[in-house]
Amino acid sequence: MSWWQFPCRKTQLWLDVTLSCGQSFRWRQDAGSGEWRSCLPGSLCVWRLKQTVDAVLYKLESPSEKESILLEESARQTLFDYFNFDVDLESLYTEWQRADRNFAEQSARLKGVRMLRQDPTETLFSFICSSNNNIERISGMVEKLCVTYGEYILEFDGRQYYTFPVPHVLAAEGVEDKLRKLGFGYRAKYIHQTAKVLASKPDGWLDELRKAPYREAHAELLTLPGVGAKVADCICLMSLDKMDAIPVDTHMWQIAARDYKLKVTNKSLTTKVYNEIGDHFRKLFGQYAGWAHSVLFSADFKKFQSIQVERNKIESNVHVEDSPVHQEEVEANLVTSKSAAAKRKRII
DNA sequence: CGGTGACCTTTCG
DNA sequence: CGAAAGGTCACC
């Protein structure tokens with residue numbers, strides 16, 4: 001079977017960035033082909049994605065011939081939902097660039113950062129794992145959750161794929177101890193306890209929060225063990241359609257201070273400052289402020305420095321090492337910033 | 001409310 | 001060997 005495809009510019013969706021910027025922790029890129037592979041909720045198969053200059057190509061792998069009857073149109077709809085393709089990202093970028101000079105600078109080198117519309121349960125447990133943690137380890141933990149408690153789907157290209165576990169399974173006796181042994185640390189308890197809370201709620205309780213107003217959904221999420229303001233905002237933004245939810249983590253905290261000169265506390269991120277930072281970006285970017293936040297967050301990320309440089313080289317045909325003129329200016333701006341920011345400024 | 005320290009584990013400087 | 005990694009919670 002050949003690949004299906006739909007037309008898509010990288011300014012609407014840049015797969016490499018969107019699937020690896022810390023929204024979802026389950027996509028893996030094949031080193032050889034460059035294609036992305038994962039499972040999506042609701043379909044017991046492996047999704048394969050890759051991108052050309054003007055299209056996204058997709059293909060499904062199913063356990064048996066019989067079950068591979070997920071038709072092209074159905075698959076297409078699943079992808080359109082997952083990638084929020086009803087939202088015109090190019091228009092939003094234009095809007096945000098006009099509203100904010102800093103965004104204009106950052107986004108010029110990092111287009112196509114699109115918010116995914118993920119499964120709420122998967123997003124909830126994934127981001128409980130995210131506290132005080134790094135993306136690589138989070139990805140490993142999410143993988144362990146699936147392998148240990150998910151449903152086996154199939155093996156493809158030497159890798160075994162599993163569904164994300166349902167809360168009922170994670171609520172079972174002994175899960176906390178097991179997860180601790182698997183290296184989840186203190187998050188083991190949060191996962192187990194939150195699973196028990198979910199299991200006690202009416203079916204579909206979490207998914208229903210998609211219909212609730214942002215503040216209400218956020219408040220409900222805060223009742224779950226291991227879910228604070230930041231994790232709740234991640235769940236709101238990435239799975240509950242709250243496009244103006246702004247997760248304020250250490251990165252956004254630094255960005256707010258460094259690039260937006262917000263008066264933030266030095267030591268700890270208090271509730272007051274947390275809300276002020278979010279409100280600042282909401283006022284600046286409007287209805288889809290959470291999406292804009294994701295661009296700034298990704299642009300600040302070290303792992304995307306090289307990808308940006310490559311892109312810059314190709315598009316402007318200019319070398320990046322030749323700007324000693326700006327060096328002093330860069331140093332002067334470095335009062336609070338780190339080397340990552342210095343590198344970033346150097347290629348402007 | 002604001003501030004503080006503990007919490008698991010791994011990696012990085 | 002301490003700090004940081006997409007924080008949260010309990011307690012003062």
Side-chain angles (χ1 to χ4, degrees), chain A residues 17-27 110 113 115-116 118 122-145 175-195 197 218-239 245-258 263-278 281 289-305 336-343:
Chain A
V17 178
T18 301
L19 296 184
S20 68
C21 68
Q23 293 187 53
S24 170
F25 302 97
R26 288 229 281 159
W27 289 95
L110 200 61
V113 182
M115 191 55 55
L116 302 173
Q118 301 185 73
E122 182 172 333
T123 309
L124 166 60
F125 288 107
S126 295
F127 278 93
I128 284 177
C129 294
S130 77
S131 80
N132 226 328
N133 211 343
N134 58 70
I135 290 186
E136 195 174 349
R137 185 175 168 218
I138 299 165
S139 301
M141 287 162 70
V142 172
E143 172 77 8
K144 282 177 190 170
L145 275 182
V175 167
E176 179 182 343
D177 286 344
K178 176 72 172 174
L179 290 179
R180 277 202 176 257
K181 290 193 180 76
L182 288 173
F184 281 65
Y186 60 81
R187 302 164 198 84
K189 191 179 195 174
Y190 294 151
I191 291 170
H192 187 218
Q193 291 187 337
T194 283
V197 174
H218 193 264
E220 288 291 335
L221 292 170
L222 285 183
T223 66
L224 300 171
V227 179
K230 187 270 174 182
V231 168
D233 272 326
C234 286
I235 300 163
C236 280
L237 174 64
M238 302 174 187
S239 72
I246 312 268
V248 179
D249 59 5
T250 54
H251 290 279
M252 289 311 291
W253 189 19
Q254 283 183 40
I255 290 172
R258 185 191 67 212
K263 280 177 279 182
V264 300
T265 44
N266 293 331
K267 304 181 76 175
S268 66
L269 185 53
T270 63
T271 307
K272 183 165 174 281
V273 171
Y274 184 97
N275 291 325
E276 285 174 356
I277 293 175
F281 288 120
W291 287 48
H293 136 278
S294 186
V295 177
L296 293 177
F297 174 82
S298 299
D300 196 59
F301 233 55
K302 189 150 193 178
K303 67 182 287 191
F304 293 130
Q305 301 298 322
T336 59
S337 61
K338 296 181 177 178
S339 61
K343 276 188 191 169

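Just so we're clear, the structure is a prediction, and the values are computed from it rather than from any experiment. Lettering follows sequence order; numbering is per chain, from 1. No hydrogens, no waters, no symmetry mates; every other heavy atom, side chains included, goes into these values.
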Student: Taking only side-chain nitrogens and oxygens of A:T250, does any of them come within less than 4.0 Å of OP1 or OP2 of C:dG7?
Tutor: yes
Student: In terms of relative ring orientation, are A:H251 and A:F297 parallel, tilted or perpendicular, with 30° and 60° separating the classes?
Tutor: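 Perpendicular: the ring planes of A:H251 and A:F297 meet at over 60°.
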Student: Can any side-chain N or O of A:R187 pair as donor or acceptor with the backbone N or O of A:F184 at less than 3.5 Å?
Tutor: yes
Student: I'd like to check the ring-ring contact (aromatic ring centres under 6.0 Å, His included) partners of A:W253; sequence neighbours left out, ordered by chain and number.
Tutor: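 A:W253 satisfies ring-ring contact (aromatic ring centres under 6.0 Å, His included) with no other residue.
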Student: Does a side-chain N or O from A:K267 land closer than 4.0 Å to OP1 or OP2 of B:dT4, or not?
Tutor: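 It does, given that an N or O in the side chain of A:K267 lies less than 4.0 Å from OP1 or OP2 of B:dT4.
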Student: Using the side-chain contact (heavy atoms from CB on, under 4.5 Å) criterion, which residues pair with A:T18? Sequence neighbours excluded.
Tutor: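 In terms of side-chain contact (heavy atoms from CB on, under 4.5 Å), with neighbours along the sequence ignored, A:T18 is linked to A:L13, A:Q23, A:R114, A:L116.
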Student: Tell me whether A:F297 and C:dG6 count as stacked here, given that the ring centres must be under 5.5 Å apart and the planes must differ by less than 30 degrees.
Tutor: yes
Student: Below 4.5 Å, heavy atoms only, C-beta onward: do A:L145 and A:L179 meet side chain to side chain?
Tutor: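 A:L145 vs A:L179: side chains touch.
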Student: Could you identify which residues of residues 219-230 of chain A place a heavy atom less than 4.0 Å from some atom of DNA chain C, listed by residue number, or say none?
Tutor: A:L224, A:P225, A:G226, A:V227, A:G228, A:A229, A:K230
Student: Rounded to whole angstrom, note down the P distance from C:dG7 over to B:dC1.
Tutor: 24 Å
Student: Rounded to whole Å, please give me the gap between CG in A:L269 and P in B:dC1.
Tutor: 16 Å
Student: If the P atom of B:dT4 is compared with that of C:dA3, how far apart are they to the nearest Å?
Tutor: 16 Å
Student: For a quick check, tell me whether the side chain of A:R137 and the base of B:dT10 share a donor-acceptor pair closer than 3.5 Å.
Tutor: no
Student: With nearest nucleotide decided by heavy atoms, which residue, A:E136 or A:S131, maps closer to the 5′ end of DNA chain B?
Tutor: A:S131
Student: Once you round it to whole Å, what is the distance between C1' of B:dT9 and NZ of A:K181?
Tutor: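 So the NZ-C1' distance, A:K181 to B:dT9, works out to 17 Å.
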Student: Looking at C:dG6, C:dT8, B:dT4, which one has an atom nearest to any side-chain atom of A:D249?
Tutor: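 For the A:D249 side chain, the nearest candidate turns out to be C:dG6.
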Student: Find the distance A:Q254:CD to C:dA5:P and express it as a whole number of Å.
Tutor: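 Taking CD of A:Q254 and P of C:dA5, I get 7 Å after rounding.
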Student: Considering only atom C1', compute the distance from B:dT10 to C:dC9 and round it to an integer number of Å.
Tutor: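 After rounding to an integer number of Å, I get 23 Å for this pair.
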Student: Would you classify A:R187 as touching base, sugar-phosphate or nothing, given that sugar-phosphate means primed atoms plus P, OP1 and OP2, and contacts are heavy atoms under 4.0 Å?
Tutor: base
Student: Record whether the side chain of A:Y274 comes under 3.5 Å of the base of C:dG7 through a donor-acceptor pair of N or O atoms.
Tutor: no
Student: Looking only at side-chain atoms of A:V231, point me to the closest of C:dA5, C:dT8, B:dG3.
Tutor: C:dT8
Student: Kindly point out which of B:dT4, C:dG7, C:dA5 is positioned nearest to the side chain of A:S268?
Tutor: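 Minimum distance to the A:S268 side chain belongs to B:dT4.
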Student: Identify, with sequence neighbours excluded, every residue that meets side chain to side chain donor-acceptor pair (under 3.5 Å) alongside A:W27.
Tutor: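 Side chain to side chain donor-acceptor pair (under 3.5 Å) check on A:W27 returns A:Y82.
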Student: Please state how far atom CG in A:L237 lies from atom P in C:dG6, giving the value in whole angstrom units.
Tutor: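 Going from CG in A:L237 over to P in C:dG6 covers 17 Å.
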Student: Once you round it to whole Å, what is the distance between C1' of B:dA6 and OH of A:Y186?
Tutor: 10 Å
Student: What nucleic acid atoms does A:Q193 come within less than 4.0 Å of, heavy atoms only: base, sugar-phosphate, or nothing?
Tutor: nothing
Student: Starting at OG of A:S294, measure out to CE of A:M238 and round the result to the nearest 0.5 Å.
Tutor: 6.0 Å
Student: Please work out if A:C129 contacts a base, only the sugar-phosphate, or nothing of the nucleic acid, heavy-atom cut-off 4.0 Å.
Tutor: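 Contact class for A:C129: none.
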Student: Using a 3.5 Å limit on both distances, find every run of at least three consecutive Watson-Crick or G-U pairs that involves DNA chain B.
Tutor: B:2-7 with C:7-12, B:9-13 with C:1-5
Student: Between A:L124 (CG) and C:dG6 (P), how many Å, whole number?
Tutor: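 Going from A:L124 (CG) to C:dG6 (P), I get 19 Å.
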Student: Write down the atom of A:I255, the atom of A:L296, and the distance for their closest heavy-atom approach.
Tutor: CD1-O, 3.7 Å
Student: Let me know the distance between CE of A:M141 and P of C:dA5, rounded to the nearest Å.
Tutor: 17 Å
Student: In whole Å, measure the gap between the C1' atoms of C:dG6 and B:dG3 for me.
Tutor: 23 Å
Student: I need the NZ-P distance between A:K272 and B:dC1, as an integer number of Å.
Tutor: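 Rounded to the whole Å, the gap is 12 Å.
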Student: Answer with base, sugar-phosphate or nothing: what part of the nucleic acid does A:T270 contact at a heavy-atom distance below 4.0 Å?
Tutor: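 Sugar-phosphate: the residue A:T270, judged by heavy atoms under 4.0 Å, touches backbone atoms but no base.
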Student: I'd like to know if the side chain of A:H218 and the backbone of A:A232 have a donor-acceptor N/O pair within less than 3.5 Å.
Tutor: no
Student: Is the distance between the ring centroids of A:F125 and A:F25 under 6.0 Å?
Tutor: no
Student: Who are the side chain to side chain donor-acceptor pair (under 3.5 Å) partners of A:E276, not counting sequence neighbours?
Tutor: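 Per chain and number, A:E276 pairs via side chain to side chain donor-acceptor pair (under 3.5 Å) with A:K272.
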